[in-house]
Amino acid sequence: MEAARPISYSGQGFSLIGEKGRFVLSPDFRKAVRDSGQGERILCLAKHPRWKCLTGFGLSRVAEFEGELDREERIALERGVDFDRDLRAQQLYGFARVPFDDSGRFVLPERYFRLGGLTDRVFFQGGGKSFTIWNPEELAKLGADWIDAQEACADLEAQALAGKGRK
């Protein structure tokens, strides 16, 4: 039996809020999330633990959480720093399961607008095991390490706004 290939999120995407308050997950991210859920169209969303944005991933990522907790706890012990496993587990497992349709349209739960500082437009940034979902204004506040993502966001936003004007 062939081992399952790990799911990886790369690239960028952008969405303006559309009809019925829905955003659209870009095709590359949509396929990876669907593959992660063995065909289920479920987007897992959580507040990013450090940045003012959201993190998104597919269902198969959940199977990695216990190993991640073990690794983080071991590192904390080696460094002699406190590690609250229960708190970290709450952060990992406290995600929302958001369905999306074949076109990638999904409704963002209201609390995630507040938690991620989101408004009527979002930028998706690939990050390997997960991806981040940004308000372009929040992303723009970050330093020079983020210049590539900031430029991609600006380009994709301009394209989206130009496309909206043609309708």
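- D70 places a side-chain heavy atom less than 4.5 Å from the side chain of R85.
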Original post:
Checking side chain to side chain contact (heavy atoms under 4.5 Å, CB included) for the pair L142/Q150: CA distance, chi angles, key distance, verdict?
Top reply: CA-CA 9 Å; L142 300 178; Q150 293 163 338; 4.0 Å; yes

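- Contact detail for C44 and G58: the closest heavy-atom pair is SG-C, 4.1 Å.
- The nearest pair of heavy atoms linking S8 to A32 is O-CB, 4.3 Å.
- With hydrogens and angles disregarded, a donor-acceptor distance shorter than 3.5 Å links the side chain of Y112 to the backbone of L45.
- Annotation: side chain of F14 is not in contact with side chain of Q159 (no heavy-atom distance under 4.5 Å).
- Applying the side chain to side chain contact (heavy atoms under 4.5 Å, CB included) rule to D120 yields the partners I17; only residues at least two apart in sequence or on another chain are considered.
- L108 and F100 fall within the same hydrophobic cluster, where Ile, Leu, Val, Met, Phe, Trp and Tyr residues are linked whenever their side-chain heavy atoms come under 4.5 Å apart, directly or through other members.
- Minimum interatomic distance between K47 and C53 (heavy atoms only, all atoms of both residues): CD-O, 3.7 Å.
- Look at E137 and K141 and you find no salt bridge, because none of the NZ, NE, NH1 or NH2 atoms lies under 4.0 Å from a carboxylate O.
- Using a 4.5 Å heavy-atom threshold, the side chains of K20 and V107 count as separate.
- Counted within 6.0 Å of CD on Q38, heavy atoms from surrounding residues, nucleotides or ligands total 12 or fewer; the atom is thus considered open.
- The structure places CD1 of I133 at 5.5 Å from CG of L43, a figure rounded to the nearest 0.5 Å.
- I7 and V33 fall within a single hydrophobic cluster, where Ile, Leu, Val, Met, Phe, Trp and Tyr are joined by side-chain heavy atoms under 4.5 Å apart, directly or via other members.
- Separating the OG atom in S36 from the OH atom in Y9 is a distance of 4.5 Å, to the nearest 0.5 Å.
- Separation of atoms CZ (R30) and CZ (F106) is listed at 10.5 Å; rounding is to 0.5 Å.
- Here D148 pairs with nothing under the salt bridge (Lys or Arg N to Asp or Glu O under 4.0 Å) rule; sequence neighbours left out.
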Distance-only check: which donor-acceptor pairs under 3.5 Å involve side-chain atoms of residues 122-131, not counting sequence neighbours?
from: S130; atom 1: OG; to: T55; atom 2: OG1; distance (Å): 3.3

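- For the salt bridge (Lys or Arg N to Asp or Glu O under 4.0 Å) test, residues two or more places apart in sequence or in another chain that qualify with R121 are E157.
- Residues V62 and F95 are in side-chain contact: their nearest non-hydrogen atoms beyond the backbone lie under 4.5 Å apart.
- With values rounded to the nearest 0.5 angstrom, L54 atom CG is found 10.0 Å from H48 atom NE2.
- Summarising the geometry, atom CG belonging to L92 is positioned 5.0 Å from atom CG belonging to L69; distances are rounded to the nearest 0.5 Å.
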**OP:** Please report the C-alpha distance between L16 and L161 in whole Å, then the side-chain angles of each, then the deciding distance to 0.1 Å, and finally whether the side chain to side chain contact (heavy atoms under 4.5 Å, CB included) criterion is met.
**Re:** CA-CA 8 Å; L16 297 170; L161 291 171; 4.0 Å; yes

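- Hydrophobic cluster of I42: the remaining members, joined at side-chain heavy-atom separations below 4.5 Å, are L59, listed by chain and number.
- Salt-bridge check for R61 with E68: passed, with a basic side-chain N closer than 4.0 Å to an acidic carboxylate O.
- Side chains of L118 and F23 form no contact here, defined as non-hydrogen atoms less than 4.5 Å apart.
- The side chain to side chain donor-acceptor pair (under 3.5 Å) analysis of residues 91-101, with sequence neighbours excluded, yields the pairs E66-Y93, R88-Q91, D101-R105.
- A distance of 9.5 Å separates OG of S103 from CZ of R41, quoted to the nearest 0.5 Å.
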